[in-house]
Number of protein chains: 2
Amino acid sequence: MATAGQVSEPISSWDPYTRGCPSRDLLDQIGSKWAVLVLGELGRHGACRFTQLRQQLAGVSEKMLTQTLRTLERDGIVARHVTPSVPVRVDYELTPLGQSLLVVVAQIKAWAEANMDAVRDARDAYDAASD
Amino acid sequence: MATAGQVSEPISSWDPYTRGCPSRDLLDQIGSKWAVLVLGELGRHGACRFTQLRQQLAGVSEKMLTQTLRTLERDGIVARHVTPSVPVRVDYELTPLGQSLLVVVAQIKAWAEANMDAVRDARDAYDAASD
DNA sequence: CGGGATCCGCACGGATACTG
DNA sequence: CAGTATCCGTGCGGATCCCG
């Protein structure tokens, strides 16, 4: 902050270490389980339909998928395209903003997959020491 | 499940798109708000004490900080060093595994900070259209 | 087909008080 | 100082029914 002359410049000092900073909630949103998986799927597949996503994210409830998509849409991360056919067709795809997020989010997913074994070993060791 | 004969094959096919896969919960853990902030702080500062972390993560409750640290410790991401002095001194620091995670996790935090403005604009536009 | 609405259990997450 | 223990509200998250 403190940079002078921000007449219409919204400062951008969004520090999530500050109490009540909105970037903290954004952090939680984009790091959430379902958001990461939705992002990843849309990144691979391009546009996807609701049911298609629902099947890929095995075990997700309709409610959570809808909620996740709504939030991502509201945040400008995914775009929602409605085709007014007889059975309505809805497609979701990443916005440019969403694609930039995908890059970083894909790495967390990759890390989780790659290091699951190491984490599992650490857990076993920890639990064994607790006895 | 249902795949017969997983005798001693550690496979490492930890696909979070699969229902019930443990990597899904790991994904949630490491992407959580407090975990990201703890990782970031330990990454900058090196070893930190409990109270120090508590002050940096403004607004975190003791319970959540303890819980976060415990989980990260169990997963082998942070190490807990106890110095048996009269007032007990406890320091937390990143393990090598934790440092590898820090690299990817720092990017989400950076993304959230960098794109908070764009997200806020998108939200305003979305909310305005909802009227 | 793609949700919106609703009910509900339960675990998350905060506040407080107490202990080694 | 660094937790643990406890109480408790809120909202997550699943299940179900129904509508456009």
Side-chain angles (χ1 to χ4, degrees), chain A residues 16 18-21 24-38 41-42 45 47-74 78-93 126 129-130, chain B residues 16 19-21 24-38 41-42 45 47-74 78-93 126-127 129-130:
Chain A
T18 306
R19 180 177 183 136
C21 183
R24 206 173 257 194
D25 300 274
L26 177 59
L27 203 54
D28 240 17
Q29 292 289 349
I30 62 182
S32 77
K33 186 173 47 183
W34 300 128
V36 168
L37 295 180
V38 165
E41 190 56 26
L42 292 181
H45 252 212
C48 284
R49 305 184 59 175
F50 185 87
T51 311
Q52 197 173 349
L53 284 171
R54 190 160 122 69
Q55 289 168 352
Q56 294 299 325
L57 280 60
V60 67
S61 67
E62 297 184 1
K63 181 185 175 183
M64 288 316 299
L65 182 55
T66 301
Q67 196 174 91
T68 302
L69 287 169
R70 280 282 172 280
T71 304
L72 292 176
E73 184 196 1
R74 191 172 102 102
V78 305
R80 183 168 179 267
H81 300 293
V82 183
T83 309
S85 27
V86 185
V88 192
R89 178 196 176 99
V90 182
D91 292 86
Y92 294 92
E93 72 176 326
Y126 183 92
S130 297
Chain B
R19 180 176 184 140
C21 182
R24 205 173 258 192
D25 299 274
L26 178 59
L27 202 54
D28 240 17
Q29 293 289 352
I30 63 183
S32 77
K33 187 174 44 182
W34 300 128
V36 169
L37 295 181
V38 165
E41 191 57 26
L42 292 181
H45 247 232
C48 282
R49 305 184 59 175
F50 186 86
T51 310
Q52 198 174 349
L53 283 171
R54 190 160 119 70
Q55 289 168 351
Q56 295 298 325
L57 280 61
V60 69
S61 67
E62 297 183 3
K63 182 184 174 182
M64 288 316 299
L65 182 55
T66 301
Q67 195 174 92
T68 303
L69 286 170
R70 279 280 172 282
T71 304
L72 291 176
E73 184 197 0
R74 192 172 102 101
V78 305
R80 183 168 178 267
H81 300 294
V82 183
T83 309
S85 26
V86 184
V88 191
R89 178 194 176 101
V90 182
D91 292 85
Y92 294 92
E93 73 177 325
Y126 183 92
D127 294 344
S130 297

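These figures come from a predicted structure and were not determined experimentally. Here is how names work: the chains are called A, B, and so on, in the same order as the sequence lines, proteins then strands, and each is numbered from 1. When reading the values below, keep in mind they use all heavy atoms of this one structure, side chains included, and skip hydrogens, waters and symmetry mates.
The phosphate of D:dA2 (OP1 or OP2) has no side-chain N or O of B:Thr66 nearer than 4.0 angstrom. For B:Arg80, a side-chain nitrogen or oxygen approaches OP1 or OP2 of D:dG3 to under 4.0 Å.
Across all strands shown, B:Arg54 has no heavy atoms under 4.0 Å from either base or sugar-phosphate atoms. Residue contacts for B:Arg49: at a heavy-atom cut-off of 4.0 Å it reaches the sugar-phosphate backbone alone, with no base atom in range. If you check every strand for non-hydrogen atoms under 4.0 Å, B:Glu62 touches a base.
With distances taken from any side-chain atom of B:Lys63 to the nucleotides D:dT4, D:dG14, C:dG13, the minimum falls on C:dG13. The nucleotide whose nearest atom lies closest to any side-chain atom of B:Pro87 is, among D:dG20, D:dC1, C:dG3, D:dC1. Relative to the side chain of A:Tyr92, the nucleotides D:dG13, D:dG3, C:dG3 differ in distance, and C:dG3 lies closest.
With rounding to whole Å, A:Asp91 atom CG is found 15 Å from C:dG3 atom C1'. Atom-to-atom, NE2 of B:His81 to P of D:dG3 comes out at 13 Å; the value is rounded to the nearest Å. One can place CG of B:Asp25 at 15 Å from C1' of D:dC12, the figure rounded to the nearest angstrom. Rounded to whole Å, atom P of D:dC12 lies 19 Å from atom CZ of B:Arg24. The CD-P distance, from A:Gln67 to D:dG13, rounds to 7 Å in whole Å. We find that CD of B:Glu73 is positioned 13 Å from C1' of D:dG3, with the value rounded to whole Å. Rounded to an integer number of Å, the gap from CE of B:Met64 to P of D:dG3 is 15 Å. Atom-to-atom, CZ of B:Phe50 to P of C:dG20 comes out at 18 Å; the value is rounded to the nearest Å.
In terms of heavy-atom proximity, A:Leu57 sits nearest to A:Trp34 at CD2-CE3, 4.0 Å. A:Arg49 approaches A:Val88 most closely through the heavy-atom pair NH2-O, 4.2 Å. Minimum interatomic distance between B:Gly59 and A:Arg24 (heavy atoms only, all atoms of both residues): CA-NH1, 4.5 Å. B:Pro16 and B:Leu27 make their closest contact through CB-CD2, 4.3 Å (heavy atoms, listed as atom of the first residue, atom of the second, distance).
Between the side chains of A:Gln52 and A:His45, at least one donor-acceptor pair of N or O atoms lies under 3.5 Å.
Between A:Val86 and A:Trp34, the residue anchored nearer the 5' end of DNA chain D, judged by the nucleotide with its closest heavy atom, is A:Trp34.
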